[in-house]
Structures are given as C-alpha cells and as structure tokens.
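Worth knowing before you read on, the calculation uses all heavy atoms, side chains too, and leaves out hydrogens, waters and symmetry mates. Bear in mind that the values here come from a model prediction, so they are computed numbers and not experimental data.
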Amino acid sequence: MVANRGEIAIRVFRACTELGIRTVAIYSEQDTGQMHRQKADEAYLIGRGLAPVQAYLHIPDIIKVAKENNVDAVHPGYGFLSERADFAQACQDAGVRFIGPSPEVVRKMGDKVEARAIAIAAGVPVVPGTDAPITSLHEAHEFSNTYGFPIIFKAAYGGGGRGMRVVHSYEELEENYTRAYSEALAAFGNGALFVEKFIEKPRHIEVQILGDQYGNILHLYERDCSIQRRHQKVVEIAPAAHLDPQLRTRLTSDSVKLAKQVGYENAGTVEFLVDRHGKHYFIEVNSRLQVEHTVTEEITDVDLVHAQIHVAEGRSLPDLGLRQENIRINGCAIQCRVTTEDPARSFQPDTGRIEVFRSGEGMGIRLDNASAFQGAIISPHYDSLLVKVIAHGKDHPTAATKMSRALAEFRVRGVKARHQAQPGRPHGQEAGRPEAALAAPTGPGSPSLVCVLPLACVPSSRLGGPSQTRPETSIEVSPTILL
C-alpha cells in the first residue's frame, strides 16, 4: 500500500507491478477521480469528512485500511507522513512493514538538532549553529553577537522551506524570529527554531544513500539542487556539474559515515551546502525517497523503489548486486517540474480542468506524472506538480538540449487562459548560481514558457543575448512550465 497520492503513488505502484506485488491505493473524498486510484489493484477511501490534506495524515484510517485488507507493507512516498516517526511506529505496531528506516532513525533524522549532533559525532562538518532549539529572542541576539550576520532561523522539526528566515541585521531580528516561529508552529505543530550562520551563495548538493539491515551502506553519488525558489528545489541535476573530484569524494564519504553512525536502513538523502571556497557543511538527512530520485536512477541504472522494497523484505544490498564498486556514473540527467502556477500572481497555484494536454517525449526523456492528461481536474487542495520531466544524455549539454526540446513540445491549455512572463530569473529565485533563461514568444492568447537552467548546462547556441533572437517555437503552456 502507498500512503500517498499522485505521481509518487503511481511510481511505487509501477515498481510493485514489475515485482509481481499487488497494490493498494488510498484516496480522499476530493481525490475520487485521481489517476493514482485507477493505477492500483485495490483502492479505499480514507479520512471521510476530513479536510483534503488531513485525510492523508490520518494515521488511524490508514492503519485500519492496511489491517482490514491484509497489507504486508506500506510505502510512505514523500511528503505527508513520510518522515513521521509515529507513522513508522504505528505500521510496526500493526504488523505492517514500513518501507523506510526504523521509527527511531526517522525520529532522529527528523529532529534537526539531534541530526546535527549525530553528524558532529560522526566527524562530519556542520554549519556553526545552536546545539539545541532556542527558546527566546535573547538567545538569537547572543548567537548574532558571537558569529555575526547574516544568520538563518530554521524550524527544528520540519523542512521544505517553512519556518526558514534569513536575517541580515539586528533591526530585522525580532520580526523574522516571530515570523519563523509562527510558520514552524503552523506547518509542524511545533514552533521550535534553531539558528545557524547563513552561508551566502552556496551550492546545495545532496547525496543519495542506501542501507540494509545488515549494516551495508553505499552511496549513489550526488545531485545538485542549487536552483531554488523560496527555498523549494526547482531543477535537479545529477551528477553536479564541475564538482571537484576530491570534494565529491568527501561528500560521499561523509554521507556514508553519517549513515553508519545512525544505523541507517533503506533509502535516504544527506544534504550539504558547499561554500564558494569548496568547503561543505551538513544540513539535514531526508529519511525518505526524494522527488528528484529520478535523476539518480537515470545515471546509475539503479531502480531505487525496487531497492527500497527488497531491503524492506530483508534482502541485503550485495544480494541485490549493489556494491559500491559497481555503482558508476553514466552521463547526466536533469529533472524539471511542470507545475500549474501563475507567474503573474507570484507563482501561486492555478486550478481548473485541463482541456488540452500534449507532452514532450522522445529519446532520453522520462515523464513521471499523475494528473497530466486531457480532462484532468487540477485541485486547489494539493501540490501544483503536474508532471516531472527527466532528460538523460551523455553529458550536461546533451541532457540540457533534450530537456529544452521536450519542453518545447508541450501543449497545455485550460488551466489558465492567458499570461505574460518576462524571460529571466523567476520571482523569488535564490541567488548564487549562474543561470540562463529561455523563453518562448508570447502574445495574445499564447500562454508562456519559462525555463531556467544552470548556465553550464545550456548549449551556447541557445543562450539569448542582445544580438540574438529567441528560439522560434510555438508554446502553448498554461500558466507556466518552470525548470
């Protein structure tokens, strides 16, 4: 059973079908017509009378469905309950396997303060910060006096950019402390914050790890997730472009070291910041499958969901043919997320019925989706992700060319009638990474395409300049396709 919805539920169902495993979907009252319900062998309603998101967070209903239908294992996907230790424990108590780390490891990794302490114990470098959540504005003042500005407030018990505030001066301290506390409390039910020195213009590099119950741990190299908007990843690239080989070795070695320190089992991601001097700092562990796991699969030819299921069955990594010396990088993969967002309204999610949908496909293109089809209803209740587009090529320029071509083939109409967007950095784009924007012509009745790629990944022939003409493509995408 997948305790989730949308494209990640379908991704897991497909892996189960390939392994000869029957599948069970759950769905809220608002999701009765969603594709993930149709892709499973069985589907059951949960959260009757609850708010749309709360339905997928209602552990008693999910466990009830699992027990009543003889479910052997639950995959949490990402988001929702995927990093909730109490859900992993509830599965275990019900005699259902949780496809992920043990409840204790989920708890430790979900507590950023404890995860930081574990990293320090493992000898992994961390950003200077508080050893425990702060309880007052006075403590934030003291930290600023010691380390100087800028600093950053982070939610102690959650991620995804919520409860995160950068402070550049004493004058901004009180307001940002209050806002960060309120955001963390609303998002995670706990307003606890910790403070770190803010690393300016870093690269955000993460390392994919796999572990089994026999103590075997390996890495599947890194992904560059530096292009972000409002602390949300927008483009993911594997492997990271122009990464010093010695730095890659340090990142992967520290990731494995940290995983062994905590006895990590199943799939996970160790995230780092890399400063302008090439120094890396641990920031967190995501004890689940990532949205961007696809690019790692493309360059290593390892099906991460298959591996997750087999590890949960009790098989060892060597039994699966997964040994570190056998993991090799093959080319480059880039993922972008096609979302129903309105650039004219600060990229707020848009809703409605998709009247026309034609996707970009072809050699080297993979599409992971759930709601990308003609007649689909885009709900206001959930994430605005429509489809993930993954391009794989022999190197970064080849993958970027394939991605650009695939996006130019997309036609999406009906979610929004008309929008204008200027080429360039999307609203709220995090600074610090060189990038180029490719934009299709817009005009009356023609929605817009905004594509942002790292400059190193864009072929020079596609870069716009004062003396160059934009690519002459006819894009009908509404409201935006954002890389």
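A distance of 12.5 Å separates OG of Ser287 from CZ of Arg84, quoted to the nearest 0.5 Å. For the atom pair CD1 of Ile62 and NZ of Lys67, the computed distance is 14.5 Å after rounding to the nearest 0.5 Å. Rounding to the nearest 0.5 angstrom, the gap separating the CD atom in Gln54 from the NE2 atom in His381 is 13.0 Å. Interatomic distance, CG of Asp303 versus OG1 of Thr296, reported as 12.0 Å (0.5 Å rounding). Atom-to-atom distance recorded for Arg11:CZ and Cys16:SG is 9.5 Å, nearest 0.5 angstrom. Within the model, atoms CD of Glu83 and CZ of Phe188 stand 9.5 Å from one another, a figure rounded to the nearest 0.5 Å.
Taking all atoms of both residues into account, the shortest heavy-atom contact from Ile299 to Ala333 is CG2-N, 3.7 Å. In terms of heavy-atom proximity, Leu320 sits nearest to Arg315 at CD2-CZ, 3.5 Å. Of all heavy-atom pairs between Ala55 and Ile46, the closest is O-CD1, 3.1 Å. When every heavy atom of Arg411 is checked against every heavy atom of Ala408, the shortest pair comes out as NH1-O, 3.0 Å. Closest approach of Ile10 and Met35 over heavy atoms only: CD1-CG, 3.8 Å. Residues Asn266 and Pro101 share a closest heavy-atom pair of CB-N, 4.1 Å.
Salt bridge present: Arg405 and Glu409 bring a charged side-chain N and a carboxylate O closer than 4.0 Å. Contact check on Arg223 versus Glu206 returns a salt bridge, with a Lys/Arg side-chain nitrogen under 4.0 Å from an Asp/Glu carboxylate oxygen. A salt bridge links Arg366 with Glu297; the closest basic N to acidic carboxylate O contact falls under 4.0 Å. Under the 4.0 Å criterion applied to side-chain N and carboxylate O atoms, Arg337 and Glu236 are assigned as salt-bridge partners. Salt bridge annotation for Glu355-Arg413: absent, with no cationic side-chain nitrogen under 4.0 angstrom from a carboxylate oxygen. A salt bridge links Lys388 with Glu7: the distance from a Lys NZ or Arg NE/NH1/NH2 to an Asp or Glu carboxylate oxygen falls below 4.0 Å. Residues Glu271 and Lys233 are paired through a salt bridge, judged by an N-O separation under 4.0 Å between the basic side chain and the carboxylate.
Side-chain contact annotation: Tyr44 with Asp61, donor-acceptor N/O pair under 3.5 Å absent. In the model, Gln290 has no side-chain atom that pairs as donor or acceptor with a side-chain atom of His293 under 3.5 Å. Gln335 and Glu292 form no side-chain donor-acceptor contact under 3.5 Å, judged by distance and modelled atom types alone. Glu18 and His306 are linked by a side-chain donor-acceptor pair at a separation below 3.5 angstrom, with hydrogens and angles left out of the test. Looking only at atom types and distance, the side chain of Glu341 has a donor-acceptor partner in the side chain of Ser384 under 3.5 Å away. For the residue pair Asp342 / Gln348, no side-chain donor-acceptor distance below 3.5 Å is found, with atom types taken as modelled. The closest side-chain donor-acceptor pair between Asp41 and Thr23 falls under 3.5 angstrom. Between the side chains of Gln228 and His204, a donor-acceptor pair is found at a separation under 3.5 Å.
Here the side chain of Tyr382 pairs a donor or acceptor atom with the backbone of Pro52 at under 3.5 angstrom. With Thr398 contributing its side chain and Lys394 its backbone, the two residues share no donor-acceptor pair below 3.5 Å. Side chain of Glu222 to backbone of Ala240: a donor-acceptor contact under 3.5 angstrom is found. In this structure a side-chain-to-backbone donor-acceptor pair under 3.5 Å is present from Ser82 to Gly79. At distances below 3.5 Å, at least one donor-acceptor pair connects side-chain atoms of His392 with backbone N or O atoms of Asn330. In this structure, Asn4 contributes its side chain and Tyr78 its backbone to a donor-acceptor pair below 3.5 Å. With hydrogens and angles disregarded, a donor-acceptor distance shorter than 3.5 Å links the side chain of Asp224 to the backbone of Ser226. With hydrogens and angles disregarded, a donor-acceptor distance shorter than 3.5 Å links the side chain of Glu29 to the backbone of Gly49. Side-chain atoms of Ser255 do not come within 3.5 Å of backbone N or O of Val207 as any donor-acceptor pair.
Centroid-to-centroid, the aromatic rings of Phe373 and Phe357 stay 6.0 Å apart or farther. Taking the six-membered ring wherever Trp is involved, the centroid distance between the rings of Tyr56 and His58 does not fall below 6.0 Å.
Between Gln34 and the choices Ser371, Ser379, Ser28, the side chain to side chain donor-acceptor pair (under 3.5 Å) rule is met once, by Ser371.
Counting heavy atoms from C-beta outward, Leu251 and Leu243 have side chains that approach closer than 4.5 Å. At a threshold of 4.5 Å between non-hydrogen side-chain atoms, the residues Pro76 and Arg288 do not count as touching. You'll find the side chain of Leu304 reaches within 4.5 Å of the side chain of Leu220, heavy atoms only. Taking 4.5 Å as the limit, some side-chain heavy atom of Leu289 sits within range of a side-chain heavy atom of Val305. A heavy-atom distance below 4.5 Å is not found between the side chains of Ile329 and Thr300. Between Cys91 and Ile63 the shortest side-chain heavy-atom distance falls below 4.5 Å. Glu42 places none of its side-chain heavy atoms less than 4.5 Å from the side chain of Met1. Put simply, the side chain of Leu210 reaches to within 4.5 Å of the side chain of Leu322, judged on heavy atoms.
Dense packing is recorded around CG of Asp319, with more than 12 heavy atoms of other residues, nucleotides or ligands lying under 6.0 Å away. Enclosure of atom CG in Asp301 is not indicated, since only 12 or fewer non-hydrogen atoms of other residues, nucleotides or ligands lie within 6.0 angstrom.
Seen from the ring of Tyr27, Arg37 counts as a face-on cation partner, given the 6.0 Å and 45° thresholds.
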Starting from the C-alpha separation in whole Å, work towards a yes-or-no answer on side-chain contact (heavy atoms from CB on, under 4.5 Å) for Lys402 and Met363.
-> CA-CA 8 Å; Lys402 288 180 180 292; Met363 182 178 176; 4.2 Å; yes

Trace of the side-chain contact (heavy atoms from CB on, under 4.5 Å) decision for Val53 with Phe80 | CA-CA 8 Å; Val53 172; Phe80 292 127; 4.0 Å; yes

Test log, rule side-chain contact (heavy atoms from CB on, under 4.5 Å), inputs Asn190 and Leu185 | CA-CA 4 Å; Asn190 190 323; Leu185 183 64; 5.6 Å; no

side-chain contact (heavy atoms from CB on, under 4.5 Å) between Val389 and Ile365, intermediate numbers included | CA-CA 7 Å; Val389 184; Ile365 298 297; 4.2 Å; yes

